[in-house]
Amino acid sequence: MSDLTQLTLSEVRAKLADKTLTALDVTEAALARIQATEPTVQALLSVQAEEARARAKALDAQGPDAAKPLWGVPLVVKDVLCTKDAPTTCGSKILENFRPVYDATAVARLKDAGAIILAKANMDEFAMGSTTENSAYFATKNPWDTSRVPGGSSGGSGATVAACQCFGALGTDTGGSIRLPASFCGIVGLKPTYGRVSRFGMVAYGSSLDQIGPMTRTVEDAARLLQVIAGHDERDSTSVNTPVPDYVAGLAQSNDLKGLTIGLPEEYWDKGLSSEVAEACAAAIKQAEALGAKTVPVRLKLSEYAIATYYIIAVAEASSNLARFDGVRYGHRDHDAQSLIEMYVKSRTQGFGEEVQRRIILGTYVLSSGYYDAYYRKAAQVRRLIRQDFEAALTQCDVIMGPVCPTTAFKVGEMTADPLQMYLMDIFTISTNLAGLPGMSLPVGLGRDSGMPVGLQLTGRAFDEARLLQVAGVLERNVPATGLPSL
Amino acid sequence: MKISPEEVAKVARLARLDLSPEKIDQYAGQLDGILGYMDKLSELDTSSVEPMYSPVDHVSVMRDDVVRKDYAREDILKNAPETDGSFFIVPRIV
């Protein structure tokens with residue numbers, strides 16, 4: 001492997017700034033790495049090689065710009081984020097030929113910061129899935145072991161970062177879709193507080209749950225990406241107008257965890273954890289204690305209701321959001337249909353994959369007359385109770401910690417038969433989205449049995465990403481290094 | 001039985017999806033299991049709980065009523081499956 005592609009985002013950024021490397025050097029190295037590893041990993045739905053080269057040359061012609069914090073850095077974005085004139089398929093056949101006429105705000109902010117968008121990352125169709133096997137195009141493989149899944153739905157983003165095809169990526173997280181692939185691929189993933197990052201130009205799945213966030217090889221890299229994409233956007237009325245702190249400066253502030261109180265929910269530590277996940281996460285907590293943190297038991301009593309609550313709300317919102325795919329303005333159309341209704345029905349039936357259709361039907365059902373109160377309204381009430389649970393726990397501690405997932409990455413094909421079984425893998429991550437809180441996955445070593453990465457989950461108070469990053473930054477330097485997969 | 005094949009067929013029609021009889025039976029079985037699992041929520045008394053539909057309070061944002069042209073017509077029509085250059089074309093309605 002070429003050393004250049006193994007640099008962290010922060011390292012490559014410094015070498016670009018002092019002209020040790022040119023934007024074109026870095027872009028060519030990343031493209032060569034993509035060419036070498038992509039046949040095995042299959043993380044990317046499209047590669048914008050020529051556009052990236054042209055952009056790198058244009059940047060080099062102007063020279064490094066200190067006002068642009070990601071100047072010359074090649075990145076990848078999940079294919080659910082609109083990229084002007086570049087394919088944006090959402091992993092679905094229904095958007096196979098779609099070329100957005102605008103950039104998502106998060107993408108526009110990366111570009112304004114000087115970043116080079118290299119490619120669009122594979123994903124479960126419309127972000128519905130936990131393995132990236134639900135992509136309508138192909139399944140992404142885990143770079144650590146290609147017989148295993150990378151997690152999902154941002155599995156392409158997780159795999160491309162772990163495989164060193166780029167220096168960082170954007171993912172999206174509706175119920176764990178950043179944190180799970182980050183955990184399975186041994187990288188850092190941060191789902192910001194709901195409202196921290198504009199969702200404008202992100203093709204919606206569950207609008208009250210979705211957030212865009214960074215997926216990177218280090219905590220500092222995640223801080224740098226979040227710094228650029230965070231902040232109010234007048235085009236998303238749910239993006240909150242609250243100040244964005246200096247995340248990178250915050251990282252340098254401490255070398256220990258003195259004064260920090262960590263909450264350990266018994267609901268997350270007792271339930272059916274694989275022994276290797278329990279062991280690696282417990283070792284990280286022990287390390288946190290050695291660094292001066294205090295741990296306290298907390299309760300999240302409603303955890304057992306979270307999956308039912310989540311899947312009612314997510315599918316209800318999905319069925320409404322996906323109604324826009326009607327074959328009229330963009331996307332697949334059946335050209336033989338004789339009537340408008342027939343055109344809608346045939347275009348949607350041909351364009352959507354099985355899991356998407358299943359969730360649309362379930363969502364339509366829970367919103368339909370006679371069932372709305374029993375399912376959707378009920379779930380929204382339980383959602384408030386779940387948030388209150390978290391708020392109460394977070395008065396007793398600063399950060400909640402637990403595993404991201406009960407197991408390390410599972411084998412390809414293991415979870416495809418029974419949809420409910422796959423929904424249950426999200427048990428530790430979905431509550432964070434229901435409550436709207438920030439959550440992070442930090443690699444804390446390799447599992448003793450599988451040799452696969454284990455992720456520790458950190459959940460914080462609303463808009464307290466700075467503390468999550470700071471705590472994760474200290475832990476990162478003190479837990480066993482996960483390293484990079486040998487590809 | 002939470003959901004019958006007939007109900008799945010009805011909901012699919014509402015959602016503008018066309019399912020084969022085999023798919024309807026398969027989905028009915030799977031959705032029945034999922035809805036059965038979701039019934040767990042009825043264990044909780046939520047009679048006095050205000051529903052939470054979003055983590056943030058939605059405030060209607062007012063902007064000055066100024067004309068702004070963000071996109072050209074030809075750009076917006078670029079992705080249309082069928083267009084006459086000015087409009088989106090759909091199968092005849094009336």
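So that the names make sense, note that chain A is the first sequence line, chain B the second, and so on, each numbered from 1. Given the structure is predicted, the values throughout are model-derived calculations rather than measurements.
Annotation: maximal heavy-atom pairing with chain B below 4.5 Å, among A:Ile360, A:Val240, A:Ile307, A:Leu209, occurs at A:Ile307. The candidate from B:Leu41, B:Val56, B:Ile76 with the greatest count of non-hydrogen atom pairs under 4.5 Å with chain A is B:Leu41.
What you find for B:Pro55 and A:Ala435 is that their closest heavy atoms are CB-O, 4.4 Å. Shown here for B:Pro81 and A:Gly327, the closest heavy-atom pair between the two residues is CG-O, 3.3 Å. In terms of heavy-atom proximity, A:Ala337 sits nearest to B:Pro91 at O-CG, 4.2 Å.
The shortest distance between side-chain heavy atoms of B:Ile89 and A:Val328 does not fall below 4.5 Å. Counting only heavy atoms from C-beta outward, the side chains of A:Leu362 and B:Val11 never approach each other to under 4.5 Å. Contact of the B:Leu44 side chain with the A:Leu302 side chain is registered, since non-hydrogen atoms from C-beta on lie closer than 4.5 Å.
Heavy atoms of other residues, nucleotides or ligands lying less than 6.0 angstrom from CZ of B:Phe87 number 12 at most.
Put simply, CD1 on A:Ile361 and CD1 on B:Ile3 are 8.5 Å apart, with the number rounded to the nearest 0.5 Å.
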Scan the chain B/chain A interface and emit each donor-acceptor pair under 3.5 angstrom with its distance.
| unit_1 | atom_1 | unit_2 | atom_2 | d |
| --- | --- | --- | --- | --- |
| B:Lys2 | O | A:Tyr365 | OH | 3.4 |
| B:Glu7 | OE2 | A:Tyr371 | OH | 2.8 |
| B:Ala15 | O | A:Arg348 | NE | 3.1 |
| B:Ala15 | O | A:Arg348 | NH2 | 3.0 |
| B:Arg16 | O | A:Arg348 | NE | 3.4 |
| B:Asp18 | N | A:Thr349 | OG1 | 2.9 |
| B:Lys23 | NZ | A:Glu354 | OE1 | 3.2 |
| B:Gln26 | NE2 | A:Glu354 | OE2 | 3.2 |
| B:Tyr27 | OH | A:Glu354 | O | 3.1 |
| B:Gln30 | OE1 | A:Arg358 | NH1 | 2.6 |
| B:Lys40 | NZ | A:Glu304 | OE1 | 2.9 |
| B:Glu43 | OE1 | A:Tyr305 | OH | 2.7 |
| B:Leu44 | O | A:Lys378 | NZ | 2.6 |
| B:Thr46 | O | A:Gln381 | NE2 | 3.2 |
| B:Thr46 | OG1 | A:Lys378 | NZ | 3.1 |
| B:Thr46 | OG1 | A:Gln381 | OE1 | 3.0 |
| B:Val49 | O | A:Gln381 | NE2 | 2.9 |
| B:Glu50 | O | A:Arg384 | NE | 2.6 |
| B:Pro51 | O | A:Arg384 | NH2 | 3.2 |
| B:Met52 | N | A:Ala380 | O | 2.9 |
| B:Pro55 | O | A:Arg387 | NH1 | 3.2 |
| B:Arg68 | NH1 | A:Glu234 | OE2 | 3.4 |
| B:Asn79 | OD1 | A:Arg99 | N | 2.9 |
| B:Asn79 | ND2 | A:Arg99 | O | 2.7 |
| B:Ala80 | N | A:Arg329 | O | 3.4 |
| B:Glu82 | OE1 | A:Arg333 | NH1 | 3.3 |
| B:Ile89 | O | A:Arg333 | NH1 | 3.0 |
| B:Ile89 | O | A:Arg333 | NH2 | 2.8 |

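Contacts of A:Ala379 with chain B are made by both backbone and side-chain atoms, with heavy-atom separations under 4.5 Å.
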